[in-house]
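Okay, here's the structure, questions in a sec.
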Amino acid sequence: MAEWQRFAKLLRSCSKYSLLDQGKQIHAAVEKMGFGLDLIINNDLIDMYGKCSRSDMACVVFDKMLERNVVSWTALMGGYLQQGNAKASLSLFYRIGSSEVRPNEFTFSTNLKACGFLGIPENGMQLHVLCLKTGFEDIPVVGNSIIDMYSKCRRIEEAAQMFDIMPYRNLISWNAIIAAYTHEGHGSKSLLLFQRMQEQGEIPDEYTLGSTLKACSGLGALQEGIQIHASLITRGFPISVQTIIASALVDLYVKCRRLPEARQVFNQIERKNVISWTAIIVGYAQEGSLQEAMDLFRQFRETGIRVDGFVLSSIMSICADFALVEQGKQVHSYTIKIPSGLDTSVSNSVVDMYLKCGLTEEAERYFEEMPVKNVVSWTVMITGYGKHGYGKNAIHLFNKMQSQNIVPDEVTYLAVLSACSHTGLIEESWEHFSGLLNDPRIKPKVEHYACMVDLLGRAGCLKEAKNLIENMPLEPTAGIWQTLLGACRVHRDLEIGSEVGGILLRVDGDNPVNYVMISNIYAEAGEWRECERVREVMKVKGLKKEAGRSWIEIDKEVHFFYGGDESHPLTERIREVLKKMERKMKEEMGYGYGVKFALHDVEEESKEESLRVHSEKLAIGLGLVCGGLEKGGEVIRVFKNLRVCGDCHEFIKGLSKVLKKVFVVRDANRFHRFENGVCSCGNYW
DNA sequence: CTAGGGTTAG
């Protein structure tokens, strides 16, 4: 074997296992040995850097080359794509046209994938037409990529059509179309195709079984999933060595909320990979066992398996959901040290984490610095602005993203609409709502209408809101009726309220939240008998609402509180400081219990609980005990799984005034920033 | 030498 071939071989294994440091060493050796101008070696270098999420270094190699072929171009595109930078790949594709290099099936395939990544069907269709004209469409790799591209662009009909007319269908074509149906939520169609392919003599591989299992988890079809699990064993695919299938199986059990079974499968896997670890970590986090989830992440890192963008985004989103500021910062600083930390999806989850933890400035700074922003990046930031009460900023960003040719999707519209309605920007709301209805790329969803119902509801236009629901071209969901019911409550409209309540119980009669809301409406109107009746039905049905829980992070440790909780070691001091604060507020501004506030809210907390100390108050108390009493100290940040109660809201407002401190409370709905006796939510929450 | 299907973020 010639010497250059040995280098090539080494580089390819670095590519395969994403070994960046070794790759760099070989790169240095290659230069030293005088192979720096070799075409194939340079192509391998580009590929290696790309696979290691370092397309910046791949680009350096590419730029220095005197002679480039189609492989050089395609490998560079692949590298950009790896990092989530689909646009860079496509712009290279257009640049190829002005060189003497002709794209081949690999080039088309890579860029079809890029189009799928961007999710813009028009882009992909253009490329599809080009494939058709150049005859590349018939090549299986390209055809399969076209199926996948349409699937990612949510064009399942086009994907199916491509599959139907393909002259050379292979296993991957079947896998692609099955995955497409699964992705689209048509799990039963996937199971049907799974059967048909076997009838046609195609042998499913781990990908097929993986997609089919995923279809089962989407359908919540635990039984069918278990059947596949069983047939895996009888067909001779032992879980222990079939890492990919096993990971899908872990995912199935996680989605079906069978964590013990998931863990059992996970434990059986001999060579766990990133996907297996990601699936189980997400599983624990979803069940609320974040300690175990973070512990598994630590164990995962100790294995030395390469941490990729997927697992990092997942971990970061756990930190965001539980508002673990310190842990989130730690993971963030960890992402900076590894190449896949540059991936767009990781950066998106970092921004989201800072926003959900209430650190708006950090989020803004990081967002600005992001070299590549996709539609998710913008949407995250718009959502964050909305939740923090910065409606104007949200709109500004929405306009800015479009001026940069980023196409908003339905989630983006949802973000901007909810930002407008939450911050009372009435005209802007309607403007963007009609923008949405006139945008041919967007299928309006019930959630969009719900934003408008919320807006009308806030303004007290309850009849109009109800009309909107009844006349929209979509089936109303429980959620949109809940929005309207909430508005009826604020405006104390018993007539529409009880009507909507009746509808709600018909369509969603097993959700405790509905009963609590309805009974509160009756309670506030003094209709005690009706109130009792609703509570009784709830009791008979055995429904219990979610317990209110608040938490605060102090010195990287999270302290949880339930209402009336006395389990915290500092309970006595917490009670003491809360009493002291109440006295102080009474003296200085007349705050006290028994005062009926304009928006007295017992919606999420039952009557018994409201007599005890609410969880958010306890968490605030701990924050005060742990150094929060000094003036000019850090902002106190508290989090609650439900909505903050009106009484506590008033209490914190007072605190912010007498202590001259800032408090930020994230509840299930939005952020409340209290400063000098005023809350950013403007009392409507 | 480059590629296609499975896990992630709003």
Side-chain angles (χ1 to χ4, degrees), chain A residues 4-5 8-9 11-12 15 38-48 50-51 69-79 81 84 103-113 116 139-149 151 170-180 182-183 205-214 243-245 247-248 250-251 254 273-282 308-317 320 340 343-353 355-356 374-384 409-412 414-415:
Chain A
W4 72 266
Q5 283 175 316
K9 207 174 168 190
L11 280 172
R12 273 162 231 169
S15 286
D38 186 281
L39 176 66
I40 293 181
I41 289 285
N42 276 317
N43 286 347
D44 282 329
L45 279 169
I46 294 172
D47 184 46
M48 181 275 294
K51 292 267 164 45
N69 63 8
V70 64
V71 179
S72 331
W73 286 85
T74 308
L76 186 61
M77 294 166 183
L81 203 51
N104 64 9
E105 65 268 36
F106 296 100
T107 326
F108 276 108
S109 172
T110 302
N111 285 289
L112 283 161
K113 192 175 175 180
I139 298 177
V141 182
V142 176
N144 294 340
S145 300
I146 292 172
I147 295 177
D148 186 52
M149 178 274 293
S151 157
N170 61 17
L171 175 61
I172 293 169
S173 323
W174 283 98
N175 289 348
I177 193 69
I178 289 176
T182 304
H183 189 68
D205 70 353
E206 59 259 56
Y207 287 97
T208 329
L209 294 167
S211 285
T212 313
L213 280 171
K214 201 173 162 231
T243 306
I244 295 174
I245 305 180
S247 303
V250 171
D251 186 52
V254 163
N273 66 9
V274 204
I275 299 172
S276 338
W277 282 98
T278 308
I280 195 72
I281 292 172
V282 168
D308 72 357
F310 286 99
V311 71
L312 282 179
S313 334
S314 306
I315 293 293
M316 199 54 92
S317 113
S340 40
D343 294 3
T344 305
S345 50
V346 177
S347 304
N348 290 344
S349 57
V350 171
V351 173
D352 187 45
M353 182 275 293
L355 285 169
K356 288 205 175 124
N374 62 17
V375 61
V376 177
S377 329
W378 292 90
T379 307
V380 165
M381 204 61 214
I382 292 170
T383 306
D409 66 13
E410 52 221 31
V411 190
T412 321
L414 197 59

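Since the structure is predicted, the reported quantities are computational estimates derived from the model, not experimental observations.
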Self-check item: Nearest-neighbour nucleotide for the A/T278 side chain, B/dT7, B/dG10, B/dG5 considered
Solution: B/dT7
Self-check item: Residue-phosphate contact under 4.0 Å: A/K113 side-chain N/O, B/dA3 OP1/OP2
Solution: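 Looking at the OP1 and OP2 atoms of B/dA3, neither is under 4.0 Å from any side-chain N or O of A/K113.
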Practice problem: Looking only at side-chain atoms of A/S145, point me to the closest of B/dG10, B/dG4, B/dG5. | Solution: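 Shortest atom-to-atom distance from the side chain points to B/dG4.
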Quiz prompt | Main-chain N/O of A/I147 paired to A/N144 side chain as donor or acceptor, under 3.5 Å | solution = no
Exercise. Looking at every strand, decide which applies to A/K51 at a 4.0 Å heavy-atom threshold: base, sugar-phosphate, or nothing.
Key: sugar-phosphate
Quiz item: Starting at CG of A/N374 and ending at C1' of B/dG10, how long is that distance when rounded to a whole Å?
Solution: 9 Å
Quiz item: Using a cut-off of 4.0 Å on non-hydrogen atoms, how would the nucleic acid contact of A/D343 be classed: base, sugar-phosphate, or nothing?
Solution: nothing
Self-check item: B/dC1 base / A/D44 side chain donor-acceptor hit below 3.5 Å
Solution: no
Quiz item: Is any side-chain N or O of A/S109 under 3.5 Å from a base N or O of B/dG4, one able to act as donor and the other as acceptor?
Solution: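 For A/S109, whose side chain was compared with the base of B/dG4, there is no donor-acceptor pair (under 3.5 Å).
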Quiz item: Heavy atoms under 4.0 Å, any strand shown: does A/A8 hit a base, just sugar-phosphate, or nothing?
Solution: nothing
Quiz item: Between the side chains of A/N273 and A/T243, does any donor sit under 3.5 Å from an acceptor?
Solution: no
Practice problem: Return yes if some donor-acceptor pair links the side-chain N/O of A/N42 with the main-chain N/O of A/D38 below 3.5 Å, else return no. | Solution: yes
Quiz item: Nearest to the side chain of A/V380 - B/dT2, B/dG10, B/dG4?
Solution: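 The nucleotide sitting nearest to the side chain is B/dG10.
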Quiz item: Rounded to the nearest Å, what distance is computed from the CG atom of residue A/L81 to the P atom of nucleotide B/dT2?
Solution: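 It works out to 15 Å between those atoms.
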Quiz prompt | A/N348 and its side-chain hydrogen bond (donor to acceptor under 3.5 Å, both in side chains) partner, picked from A/T379, A/N374, A/D343 | solution = A/N374
Quiz item: Reckon A/T383 touches a base, only the sugar-phosphate, or nothing at all at heavy-atom distances under 4.0 Å?
Solution: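 Result for A/T383 = nothing.
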Quiz prompt | For atom CG of A/D352 and atom P of B/dA9, their distance in whole Å | solution =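 Taking CG of A/D352 and P of B/dA9, I get 10 Å after rounding.
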Self-check item: Any N/O donor-acceptor pair, A/N175 side-chain to B/dG4 base, under 3.5 Å
Solution: no
Quiz prompt | Selected nucleotide, minimal atom distance to A/F310 side chain, candidates B/dT8, B/dG6, B/dC1 | solution = B/dT8
Exercise. Rounded off to whole Å, could you give me the CG-to-P distance for the A/N273 and B/dT8 pair?
Key: 13 Å
Practice problem: Remember a base hit wins even if backbone is also touched, and classify A/N42 as base, sugar-phosphate or nothing at under 4.0 Å, heavy atoms. | Solution: nothing
Exercise. Return yes if some donor-acceptor pair links the side-chain N/O of A/N111 with the main-chain N/O of A/T107 below 3.5 Å, else return no.
Key: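 Yes.
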Practice problem: Identify which nucleotide among B/dG6, B/dG5, B/dG10 has an atom closest to any side-chain atom of A/S317, counting heavy atoms from C-beta outward. | Solution: B/dG10
Quiz item: Contact class for A/T412 vs. all strands (heavy atom < 4.0 Å): base, sugar-phosphate, or nothing?
Solution: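 Base contact - A/T412 has a heavy atom under 4.0 Å of at least one base atom.
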Quiz item: Can you tell me how far C1' of B/dA9 sits from CD1 of A/I315, to the nearest Å?
Solution: 13 Å
Self-check item: A/M353 CE - B/dA9 P separation (whole Å)
Solution: 16 Å
Exercise. Using a heavy-atom cut-off of under 4.0 Å over every strand shown, decide if A/S345 touches base, sugar-phosphate, or nothing.
Key: base
Practice problem: Scan A/S247 against the nucleic acid and name what it touches under 4.0 Å (heavy atoms): base, sugar-phosphate only, or nothing. | Solution: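 A/S247: no heavy atom of the nucleic acid under 4.0 Å.
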Exercise. Assign A/V411 to base, sugar-phosphate, or nothing according to its heavy-atom contacts below 4.0 angstrom with the strands shown.
Key: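 Touches a base.
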Practice problem: Counting heavy atoms from C-beta on, name the nucleotide in B/dG6, B/dA3, B/dT2 closest to the side chain of A/V71. | Solution: B/dT2
Practice problem: Send over the distance from A/M316 CE to B/dG10 P, rounded to a whole Å. | Solution: 12 Å
Quiz item: Among the nucleotides B/dA9, B/dT2, B/dG4, which one has an atom lying closest to any side-chain atom of A/S313?
Solution: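 In terms of side-chain proximity for A/S313, the closest of B/dA9, B/dT2, B/dG4 is B/dA9.
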Exercise. State whether a side-chain donor-acceptor pair under 3.5 Å links A/S349 with A/D352.
Key: no
Quiz prompt | Sugar-phosphate only, base, or nothing, as touched by A/D251 at under 4.0 Å among non-hydrogen atoms | solution = nothing
Self-check item: Atom-to-atom span, CG of A/D409 to C1' of B/dG10 - whole angstrom
Solution: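 Value for this atom pair: 8 Å.
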Quiz item: If you check every side-chain atom of A/N69, which of B/dG6, B/dC1, B/dA3 has the closest atom?
Solution: B/dC1
Self-check item: A/S145 and A/D148: side chain donor to acceptor below 3.5 Å
Solution: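 No - no donor-acceptor pair under 3.5 Å links their side chains.
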